[in-house]
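Data block below; observations after.
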Amino acid sequence: MNTTVEAVFTIDETLKAMRAKLTGIIPDSEIQAKAEVAHKINLLKREMNAVILGHNYMEPALFHSVPDYVGDSLQLSVVSSQTDADIILFCGVWFMGETAKVLSPDRTVLVPSRQAGCSLAAGITGADVRALKERFPGLPVVTYVNTYADVKAESDYCCTSGNAKKVVEYLFEKGHQHILFLPDEYLARNTAAELGVAYIEGRHQDSAVLPKQEKAIVGWDVRCEVHELFKPEDVQKIRTAYPDAVILAHPECSPEVIKQVDVAGSTKVMVDYVEQVDAPRYALLTECSMGENIAAQYPHREMVRSCSLSCKHMRLITLEDTLHALEHMQHAVELDETLIARAKTAIDRMVAIR
Ligand code: 13P
Ligand code: SF4
């Protein structure tokens, strides 16, 4: 279920709503300054019939003021496939805007920064996938949504961390014994471990290495530059300092980290867990802003506030740039029609398997 952020349209209402969420999270002087920008955005978006989507990693002042919908990659993809707004303003990174464009090619899709990349998306190209398909002929290709459209165009299925296991299970059930799963090495390894199947490194090998009798996931070797920095020692430190904390981590963390935490899942899984499961406290191993956003949303929950890892790409999306994006219709995602058609099948399948 997508969270719809309540719409507020006067400057006083905006400031009041932001103070209610953000007091104690960011200084009041900053809330006041940000409220002015948020107010302008909320007026403009109504005038322009724009819908604003905010990924869970957006900075707290943005997350708690202008999006009509907030959520993880899968939730926001679903919203972008169903909206009747003229403009989709995607407060997230570039590949997310591309996914929205493929799902809604007739809408104008804007992303506030053209520079908002992702180490996973940058780590593989369509040509890499074509070469892999030659070395592993006949294997279905599943690609993580954190990729650009040229990669999705070479894929049979897309997935997010929210449905990776379901997509892979579905393909095994359909009778495939081996599956290419690209490009996040850790998500691939964690999915293989969850399903009890082998993991094989694919960049430097070919189909000769596939086990004859065993199911296997064949992966690529790139990682999220943020989540790969979490180490098992970080989990141990939290356990020692807060023995009663439930520790949650994103499956882009290494298998060694995932083995030690209590819950692994997409950003939505983490938000839902904090909302729904009573625990003395919660510690998140993921991008820092999300912990702040949850602390603001659920003030009765005790969050361990020790996070220090931030995604430099997500940080490029500010309220100021969001306003600029609407005022100047920037940065519009433009994709070739043929590419859209080729990428759409895999993305539609992702949206269908939830
Ligand atoms: P989610 O799909 O879990 O929101 O994650 C996106 C992402 O980029 C995580 O680093
Ligand atoms: Fe990409 Fe990692 Fe940033 Fe997510 S947190 S957008 S996977 S670099």
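Reckoned from all heavy atoms, side chains included, excluding hydrogens, waters and symmetry mates. Ligands are counted one by one from 1 in listed order, and the atoms in each one are counted from 1 as well. On a predicted model such as this, the values are computed, not experimentally measured, just so you know.
Expressed to the nearest 0.5 Å, how far OG1 of T108 lies from NZ of K101 amounts to 6.0 Å. Expressed to the nearest 0.5 Å, how far CZ of R239 lies from CG of D244 amounts to 10.5 Å.
What you find for R301 and V277 is that their closest heavy atoms are NH2-O, 3.7 Å.
For atom 2 (Fe) of ligand 2, the nearby protein N/O/S atoms, meaning those under 2.8 Å, are C224 SG.
Side-chain atoms of Y144 and E252 form a donor-acceptor pair, as typed in the model, at a separation below 3.5 Å.
Among pairs with a residue in residues 116-142, those fulfilling side-chain hydrogen bond (donor to acceptor under 3.5 Å, both in side chains) read T125-D128, R130-E154, K133-E154, at least two apart in sequence or across chains. Residue pairs satisfying the side-chain hydrogen bond (donor to acceptor under 3.5 Å, both in side chains) criterion with at least one member in residues 83-92, sequence neighbours excluded, are listed as follows: N49-D86.
At a threshold of 4.0 Å, the pair E225-K312 counts as salt-bridged, since one of the basic side-chain nitrogens sits closer than that to a carboxylate oxygen. Of the charged side-chain nitrogens involved, none lies within less than 4.0 Å of a carboxylate oxygen, so that E185 and R203 do not count as a salt-bridged pair.
Sorted by chain and number, the heavy-atom contacts of ligand 1 below 4.0 Å come from H55, Y57, D72, S73, N146, S161, H227, H250, E252, S266, T267.
The number of heavy atoms from other shown groups lying within 6.0 Å of CD (Q276) is above 12.
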